[in-house]
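Here's the structure, in structure tokens; my notes come after.
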Amino acid sequence: MTGLPAVASAEDFFDSTIDLSDFENEGAADDEKYWRHIAHKYYIVSKDYINLENGYYGIQPKPVLQAFQKNILLANREGARFARKIFPETNNTVKKELAAFLQVTPEEIIITRNATEALNIAIQGYPFNEGDEVLIYQLDYFSMIEAFRLLEKRGKIKVNAFEMPLLPANEDEIVELYRKMITDKTKVILLTHVSNINGLIVPVQKIAAMAKQKGIDTITDSAHALGQVPFSLPALGSDFVGMNLHKWIGNPIGAGVLYVKKERIKEMNVLFGDVDTNQDNIGKLAHFGTTPFAVIMTIPDSLAFHKLMGVEKISKRLHYLKSIWINELKQSDKVEIVTPIELSCAIASFRVKDKKTSDVADVLFKEHNILTVGRVLGKDGCIRVTPAVYTSADDVRKLVSAVRAV
Ligand SMILES: Cc1ncc(COP(=O)(O)O)c(C=O)c1O
């Protein structure tokens, strides 16, 4: 074995008991005492550095981590008997619970490994006709852009990309920008619900409604939206939505979801080989082979913990933490904030004038022990900052001091 400590650490024996009274408190966004209590009691996080790069994946709360450990043990101990006799039924139950959480039916979702897989199934399976056009913009996630570009390269579609101003004033301005870019041939609009680059939240519901009136579909990437910002999946009005559970739901890594509205399943082509292509059974899209049992079995636990916290409370806290650093740093004429504060939640980004983005991120980490990440955005890039529910207001203030020192 390499790299594994031989002796168990105290954290291997953590207490993961849930005290329901912890979640009855209103948990006001600026109640540091409350959030410190939640952080200490329910999260094991490294104390060596300040993690403001929670946009990559979410830390599992202790009760979820413990359920995951039990599930790994069970799957490993029970072997094929478990996989053949128990898991299929468990999987159905998990799917039902996940569908209920998403307010849709189990017949409209498949569990994937991640959002990229979910959205590739939607993008590559969409029934395009020759000459169809797809609309994307500069803050869409690169993997989905790649998927559409691949179809373009194969001669199936044409991709039209547009640049949106980085600080739109309000949702209606965004809807108008999309409306103006539509052509007679636009068939699909890719909507990145929450941008991974600067955290911009696009008004999916309004754009989808506008598009639908013109007979245009939306394929929505809600990878960063699920669990971070409140929304109702059926109310979005987008017939194809890909998400994951390992960013803001706190599930172990390796779980995503694709939602396809019931009436649209029949026309979808399959990405993974399956001959029942005309069926309206969503199972035709999920011909994956062996799946990560323990990850899937832990979904009910991560959903249950997330529900205890509640997305409203979580999003208000994250918005508050983001506002602390933006409101401080926007006063500096050396710092450019590239995220509209009211059209974002946890994720937001900035640049330091006349400094290379990668250099700033390096200094923040090497000299101040604060992890952020540089992202590609125009010629200057930007630095993305993402707090989580276990982040303290003090941690965020340390970022402010560190950027001032840079
Ligand atoms: C907007 C967006 N979409 C999709 C993804 C991909 O998610 P996954 O890793 O679950 O495939 C990410 C990951 O960072 C993302 O930020």
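Note that ligands are numbered from 1 as they come in the structure, with each ligand's atoms numbered from 1 the same way.
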Within 4.0 Å of some non-hydrogen atom of His224, the atoms of ligand 1 are 15 (C), 16 (O)
Report the C-alpha separation of Tyr259 and Phe240 in whole Å, then their side-chain angles, then the decisive distance to 0.1 Å, and conclude whether the ring-ring contact (aromatic ring centres under 6.0 Å, His included) test is met.
CA-CA 6 Å; Tyr259 159 77; Phe240 312 90; 8.4 Å; no
Polar proximity ligand 1 side, Ser195 side, N/O cut 3.5 Å exclusive:
no
Could a heavy atom of Val194 be found less than 4.0 Å from some atom of ligand 1?
yes
Backbone or side-chain N or O of Asn196 under 3.5 Å from ligand 1 N or O
no
Within less than 4.0 angstrom of ligand 1, does His193 place any heavy atom?
no
Do you know which two heavy atoms are closest between Val295 and Ala255, and how far apart they sit?
CG1-CB, 3.9 Å
If we ignore hydrogens and angles and just use 3.5 Å, is the side chain of Lys187 paired with the main-chain N or O of Gly131 as donor and acceptor?
no
Nearest to atom 9 (O) of ligand 1, what protein heavy atom do you find, and at what distance?
His246 NE2, 4.0 Å
Parallel, tilted or perpendicular: ring planes of Phe82 versus Phe87, cut at 30 and 60 degrees
tilted
For atom 5 (C) of ligand 1, what's the nearest protein heavy atom and its distance?
Tyr141 CE2, 3.4 Å
Once you restrict to heavy atoms under 4.0 Å, what part of Thr116 touches ligand 1? Side chain, backbone, both or neither.
both
Residue, atom and distance of the protein heavy atom nearest atom 1 (C) of ligand 1 read Asp221 OD2, 3.5 Å
Testing the 3.5 Å rule here: is there a donor-acceptor pair between the side chains of Thr372 and Glu53?
no
Atoms in ligand 1 flagged as close to Met144, the criterion being non-hydrogen separation under 4.0 Å:
4 (C)
At what distance, to the nearest 0.5 angstrom, does CG of Leu135 lie from CZ of Phe162?
5.5 Å
CD1 (Ile157) and CD (Glu130) are apart, to the nearest 0.5 Å, by 12.0 Å
Applying a heavy-atom cut-off of 4.0 Å, say which part of Asn244 lies close to ligand 1: side chain, backbone, both or neither.
side chain
What about Ala115: any of its N or O atoms under 3.5 Å from an N or O on ligand 1?
yes
Below 6.0 angstrom between ring centroids: does that apply to Phe231 and His193?
yes
Using ring centroids (six-membered ring only for Trp), state whether Phe23 and Tyr42 fall under 6.0 Å.
yes
Record the part of Lys247 in heavy-atom contact with ligand 1 below 4.0 Å; permitted values are side chain, backbone, both and neither.
side chain
Tell me the contacting part of Thr192 for ligand 1: side chain, backbone, both, or neither, using a 4.0 Å heavy-atom threshold, strictly below.
side chain
